[in-house]
Asks: 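The structure is given below, and queries will be raised subsequently.
The shown structure was predicted, so the numbers you read here are calculated from the model rather than taken from an experiment. Quick note on labels: first sequence line is chain A, next is B, and so on, each numbered from 1.
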Protein chains: 2
Amino acid sequence: MTDINFSRGPADPDSQAAAGTSPGPRAGEMRWDIIELLFFAYRDFVGDADHELEAFGFGRAHHRVMHFVYRYPGLKVADLLDVLRITKQSLGRVLKQLLDEGYIIQKTGNNDRRQRLLYATPKGEALVAKLAGLQTDRITSALRDINPEGVAVISQFLRAMIDRDDPDKVLEAIFGTGSKKPRE
Amino acid sequence: MTDINFSRGPADPDSQAAAGTSPGPRAGEMRWDIIELLFFAYRDFVGDADHELEAFGFGRAHHRVMHFVYRYPGLKVADLLDVLRITKQSLGRVLKQLLDEGYIIQKTGNNDRRQRLLYATPKGEALVAKLAGLQTDRITSALRDINPEGVAVISQFLRAMIDRDDPDKVLEAIFGTGSKKPRE
DNA sequence: AAATTTATGTCAGTCATGTTGACATATCTT
DNA sequence: AAGATATGTCAACATGACTGACATAAATTT
């Protein structure tokens with residue numbers, strides 16, 4: 001049930017460009033390695049949380065909302081929309097569930113009473129911590145044999161992979177004030 | 001490094017555990033930094049392809065199928081199911097479109113005539129190359145100031161993030177062996 | 001040869017999460 | 001008073017997952 005047809009063909013990063021059959025641009029220069037490692041690494045990384053979320057009847061969308069509300073308390077709905085890059089209708093559905101089930105609470109803004117500032121409840125904090133614990137376990141395990149300089153390089157790489165043309169508030173916090181276009 | 005909380009609260013990795021209000025386990029040990037960097041990096045990484053795919057009327061699912069069929073020619077349907085970890089009904093819908101529109105062709109297996117081996121057509125190759133080009137541009141840009149040792153560390157990290165309990169055929173190819181080492 | 005298993009395909013229905021567009025309400029700004 | 005802004009909501013729809021059932025052809029086992 002296992003024929004080994006995997007090692008041949010253009011799986012090797014260089015064989016494709018040399019084949020001459022493909023009009024594709026610079027196929028030999030592609031970072032197939034990083035592209036595929038990112039796919040699998042992210043798949044398994046989020047898989048940790050996905051599995052746990054089933055027990056709560058939640059999905060990935062709930063996790064993202066809970067995560068950022070916990071991490072950046074007092075986040076406004078508009079901020080969350082910027083971070084998640086979804087429509088307010090999509091967010092509204094998920095947010096309503098989290099509010100109804102007591103994972104998040106809203107507080108009216110002090111300066112601007114139109115705003116609904118979002119905070120995680122203890123129940124919400126516990127869920128975020130549980131999920132972050134699973135993902136942290138995977139990360140610390142992956143970093144086990146990597147020294148602090150190596151971790152800095154990994155961090156540098158991941159940061160450089162992120163668009164900074166139009167940073168949202170969370171990204172501004174992550175990058176410090178070094179972002180291109182401060183808003184407000 | 002980057003501790004600008006734009007709001008107050010436990011955005012700082014340590015303040016939460018010290019607060020004592022949360023029964024959550026070891027909140028201060030969480031790798032919030034890597035967790036969030038992975039989220040944003042992957043979001044923008046796949047965003048490159050997503051945007052381009054709209055012009056073709058395709059989605060992320062089509063991209064994943066095209067990618068792996070191109071990279072591992074002669075992939076069986078069952079292999080693709082292992083890699084993508086979706087059901088055959090979900091795959092079938094996407095695959096049918098790609099076959100109908102001439103991005104992929106099937107060939108009956110030589111040894112086992114039940115198998116349908118999948119290959120990218122030139123049209124399919126062109127699409128994969130275009131999308132991989134966009135993602136490669138982002139990657140090479142992110143790696144610009146990182147030396148070969150640093151790239152090796154990044155690769156090591158990403159590999160260590162991947163589950164190896166039950167590797168599919170593509171992962172076996174990537175990792176070079178069929179060794180089933182538990183991630184630790 | 002017959003029975004069973006395997007590889008693939010397909011029909012039908014459901015769910016989660018995204019989308020657009022329109023509109024309502026409260027509140028802030030001008 | 002008028003307009004802009006922040007949020008919420010209704011309705012309709014698209015994509016890409018899912019489960020379950022069933023069909024067909026080909027390989028394997030009995």
Asks: Answer yes or no: does a side-chain N or O of B:S90 lie under 4.0 Å from OP1 or OP2 of D:dC18?
Replies: yes

Asks: Counting distance alone, no hydrogens or angles: does the base of C:dG18 have a donor or acceptor under 3.5 Å from a partner atom on the side chain of A:R93?
Replies: yes

Asks: Check the distance between D:dA17's P and B:L81's CG and give it to me in whole angstrom.
Replies: 12 Å

Asks: Taking side chain as C-beta onward, heavy atoms only, is B:H62 less than 4.5 Å from B:F56?
Replies: no

Asks: Do B:Q106 and C:dG9 have a side chain to base donor-acceptor pair shorter than 3.5 Å?
Replies: no

Asks: Answer yes or no for A:R138 and A:F45: cation-pi contact, defined as NZ/CZ to six-membered ring centre under 6.0 Å and angle to ring axis within 45°.
Replies: no

Asks: If you assign each of B:L99 and A:F58 to its closest nucleotide in DNA chain C, which residue comes earlier from the 5' end?
Replies: B:L99

Asks: Taking for each residue the nucleotide of DNA chain C bearing the nearest heavy atom, is the 5' side occupied by A:R60 or by A:G109?
Replies: A:R60

Asks: Round to the nearest Å and state the distance from A:I86 atom CD1 to D:dA14 atom C1'.
Replies: 16 Å

Asks: For nucleotides 22-30 of chain D, give me one character per nucleotide, 5' to 3': B if any protein heavy atom sits under 4.0 Å from the base, S if the only such contacts are to the sugar-phosphate, - if neither.
Replies: ----BS---

Asks: Rounded off to whole Å, could you give me the NZ-to-P distance for the B:K96 and C:dT10 pair?
Replies: 6 Å

Asks: How about A:V77 and A:L95: do any of their side-chain heavy atoms sit closer than 4.5 Å?
Replies: yes

Asks: Using whole Å, what does the distance between atom C1' of nucleotide D:dG8 and atom CD1 of A:I104 come to?
Replies: 16 Å

Asks: Do B:L171 and B:I162 come within less than 4.5 Å of each other through their side chains, counting heavy atoms only?
Replies: yes

Asks: Does B:G92 reach a base, just sugar-phosphate, or nothing at all? Heavy atoms under 4.0 Å.
Replies: nothing

Asks: Ignoring the backbone of A:V77, work out which of D:dA17, D:dT7, C:dT10 is nearest its side chain.
Replies: D:dT7

Asks: Please check the phosphate of D:dC18 (OP1 and OP2 only) for any side-chain N or O of B:T87 closer than 4.0 Å.
Replies: yes

Asks: Which residues, if any, of residues 36-46 of chain B bring a heavy atom under 4.0 Å of DNA chain D?
Replies: none

Asks: Roughly how many Å is it from CG in B:L84 to C1' in D:dT15, rounded to a whole number?
Replies: 16 Å

Asks: To the nearest Å, give me how far apart CG (B:L80) and C1' (C:dA7) are.
Replies: 14 Å

Asks: Quick one: are B:L38 and A:L158 in side-chain contact, heavy atoms under 4.5 Å?
Replies: yes

Asks: Above 12 or not: heavy atoms from other molecules or residues under 6.0 Å from NZ of B:K123?
Replies: yes

Asks: Can you figure out which of C:dA22, C:dT10, D:dG16 approaches the side chain of A:Q89 most closely?
Replies: C:dA22

Asks: Where does the angle between the aromatic ring planes of A:Y103 and A:F58 fall among parallel (under 30°), tilted (30 to 60°) and perpendicular (over 60°)?
Replies: perpendicular

Asks: Measure from NZ or CZ of A:K169 to the centre of the six-membered ring of A:Y72, then state whether that distance is under 6.0 Å and the direction lies within 45° of the axis.
Replies: no

Asks: To the nearest angstrom, how far is B:M66 atom CE from D:dG16 atom P?
Replies: 15 Å

Asks: For the residue pair A:R64 and B:F39, would you count it as a cation-pi contact if the rule is NZ or CZ under 6.0 angstrom from the ring centre and within 45 degrees of the ring axis?
Replies: no

Asks: Can you tell whether the side chains of B:R85 and A:D44 come within less than 4.0 Å, N to carboxylate O?
Replies: yes

Asks: In whole angstrom, give the distance that lies between atom NZ of B:K76 and atom P of C:dT6.
Replies: 13 Å

Asks: May I ask you to verify if any side-chain N or O of A:H62 is less than 4.0 angstrom from the OP1 or OP2 atom of C:dT17?
Replies: yes

Asks: Could you tell me whether the phosphate oxygens of D:dA17, OP1 or OP2, come under 4.0 Å of any side-chain nitrogen or oxygen in B:R64?
Replies: yes

